[in-house]
Protein chains: 2
Amino acid sequence: LIRLDRIGKRYGVGDAPVEALREVSLEVVGGDSVAIMGPSGSGKSTLLGILGCLDIPTSGNYLLLGEEVGRMSRPELAELRCRRFGFVFQNFNLLPRLTALENVELPLAYARQRPALRRAKAAAALARVGLSDRMSHYPSQLSGGQQQRVAIARALVNEPDLILADEPTGALDTVTGREILRLLDEVNAGGTTVVVVTHDRDIAARMRRTITLTDGRVTSDSRAQVR
Amino acid sequence: LIRLDRIGKRYGVGDAPVEALREVSLEVVGGDSVAIMGPSGSGKSTLLGILGCLDIPTSGNYLLLGEEVGRMSRPELAELRCRRFGFVFQNFNLLPRLTALENVELPLAYARQRPALRRAKAAAALARVGLSDRMSHYPSQLSGGQQQRVAIARALVNEPDLILADEPTGALDTVTGREILRLLDEVNAGGTTVVVVTHDRDIAARMRRTITLTDGRVTSDSRAQVR
Ligand SMILES: Nc1ncnc2c1ncn2[C@@H]1O[C@H](COP(=O)(O)OP(=O)(O)OP(=O)(O)O)[C@@H](O)[C@H]1O
Ligand SMILES: Nc1ncnc2c1ncn2[C@@H]1O[C@H](COP(=O)(O)OP(=O)(O)OP(=O)(O)O)[C@@H](O)[C@H]1O
Ligand SMILES: [Mg+2]
Ligand SMILES: [Mg+2]
């Protein structure tokens, strides 16, 4: 599904450039479940952004289903992101002036589905993350964990081929977190490729494969022994 | 130090009011270390906001060092918050147009310290959280865990009497998280009262006392057995 070939990402800050990613080469098989771990600042969110076509590498190639992403047009990339990817960002990225329900409907609006159908699908997604009683709340009226769950519902509502989730249970208590992980298992069992950035070894243990980043490089890449 | 007497907090959303806190009564002894746990949406951040005088209860009384907080004037409350409390918010709340160093200096500016001294103290606080090489970065140029650490440095820089931290290690890998917890231990050993909202039982185990909230009520309050 995905092939990264010597991907690099450099940021220039003043006179001290930051090499967030260096020579990252890896392949992701469709339908797999992958955990990305590593210390704070090691490049995990940056890698996820590149995988999701939200960010452009400064060097290397990204092939998606054999096609060179760097050569796609902006409309093609936008289409890809909206229709085929689902994102859970580390800071949730909810639109503050939209309710929880409206936030979750957003990917469906891009896919041009009819309002009644969009509303029903968004409501169903919010029910799956336990927030049926918070649909009309604005993000500022939701707890941290509730905002995170709205972001998760939004990532799932379009039934994407690939889910990229940055610490999807970071703001959740253990019980709620487990429900979300079961939800991701279900989605993965249905064929969706799931890539999760996590600091939690227990979460990584549930994925079939764990990639570890240190200082922008892949320092280990192991399939789980027992599954 | 702190006494909450039947504190309630109600939000009105449309025609469905949310009782975020109900009849919460508890005392906090100066110098103690307290963990607040509970499911997503149980009222932890709301309780922290009331303890930190950032939010006003809809019922009940809050006594701080015997003084009724509800009767304090707005300038008195602002003074209290800036000089005597340190906050780590669940979403960090860094000012996007200030660098890491400038964000950490902010509480010192309120305390009207001289620029050279402020800069030195802020730099020292950032060094304690391992971010000496990120001082001129803006929040958007920092990883999630780095932003969280800037928020922690900002909470400590004024050497407050009370630290209120909402999931202070949520975005951190295990190693970095442990360094932050050691830092909080040090601060607590120096006499600062530390109140930490956390979903992590290992973190709660390090505090002398754990309060559990469920649906806005205190459902358990236990001192750790062994310390
Ligand atoms: N826009 C930017 N400009 C400059 N440096 C940046 C920018 N974005 C990220 N960085 C730097 O790149 C490095 C990697 O950042 P990234 O967000 O990928 O880390 P991370 O592994 O997700 O960390 P965390 O676990 O703390 O979220 C960090 O050291 C960060 O300071
Ligand atoms: N401004 C508001 N208006 C309406 N309801 C609110 C508002 N702020 C919070 N709430 C509701 O109050 C309840 C408690 O919120 P709070 O943020 O204290 O939860 P929490 O325990 O911190 O949760 P989490 O672990 O998910 O961060 C939630 O159900 C939330 O939806
Ligand atoms: Mg990150
Ligand atoms: Mg909270």
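This structure is a prediction, so every number in the text was calculated from the model and none was measured. Atom set for the values below is all heavy atoms of this structure, side chains included, hydrogens, waters and symmetry mates excluded. In what follows, chains carry the letters A, B, and so on, assigned in the order in which the sequence lines appear, proteins first and then strands, with residues in each chain numbered from 1.
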Check the pair B/Leu172, B/Ile180 against side-chain contact (heavy atoms from CB on, under 4.5 Å), reporting the backbone distance first and the verdict last. CA-CA 9 Å; B/Leu172 301 175; B/Ile180 293 304; 3.7 Å; yes
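- Tested against B/Asp185 for a salt bridge (Lys or Arg N to Asp or Glu O under 4.0 Å), the candidates B/Arg178, B/Arg208, B/Arg206 yield a single pass: B/Arg206.
- The two residues A/Phe85 and A/Pro160 make their nearest non-hydrogen contact at C-CB, 3.5 Å.
- For the pairing with B/His199, the side chain to side chain contact (heavy atoms under 4.5 Å, CB included) check across A/Asp173, A/Thr176, A/Thr169 returns one residue only, A/Asp173.
- No part of B/Ala16 comes within reach of chain A, as not one of its non-hydrogen atoms sits under 4.5 angstrom from that chain.
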Go through the steps to decide whether B/Arg119 and B/Glu105 satisfy the test salt bridge (Lys or Arg N to Asp or Glu O under 4.0 Å), and finish with yes or no. CA-CA 7 Å; B/Arg119 193 132 302 205; B/Glu105 279 186 19; 2.7 Å; yes
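- Judged by distance alone, the side chains of B/Asp166 and B/Ser45 do bring a donor and an acceptor atom under 3.5 Å apart.
- Two residues are said to be in side-chain contact when any heavy atoms from C-beta on lie closer than 4.5 Å; B/Pro57 and B/Leu21 fail this criterion.
- Among the residues in residues 137-159 of chain B, those with a non-hydrogen atom closer than 4.5 angstrom to a non-hydrogen atom of chain A are B/His137, B/Gln141, B/Ser143, B/Gly144, B/Gly145, B/Gln146, B/Arg149.
- Considering only heavy atoms from C-beta on, A/Leu126 stays 4.5 Å or farther from A/Arg134 through its side chain.
- For residues 87-103 of chain B, the interface with chain A (any heavy-atom pair closer than 4.5 Å) comprises B/Gln90, sorted by residue number.
- No side-chain heavy atom of B/Met37 sits under 4.5 Å from any side-chain heavy atom of B/Ile211.
- Ionic pairing of B/Arg217 and B/Glu19 is not present here: no N-O contact between side-chain nitrogen and carboxylate oxygen is shorter than 4.0 angstrom.
- Of the two parts of A/Ala171, the backbone and the side chain both hold a non-hydrogen atom closer than 4.5 Å to a non-hydrogen atom of chain B.
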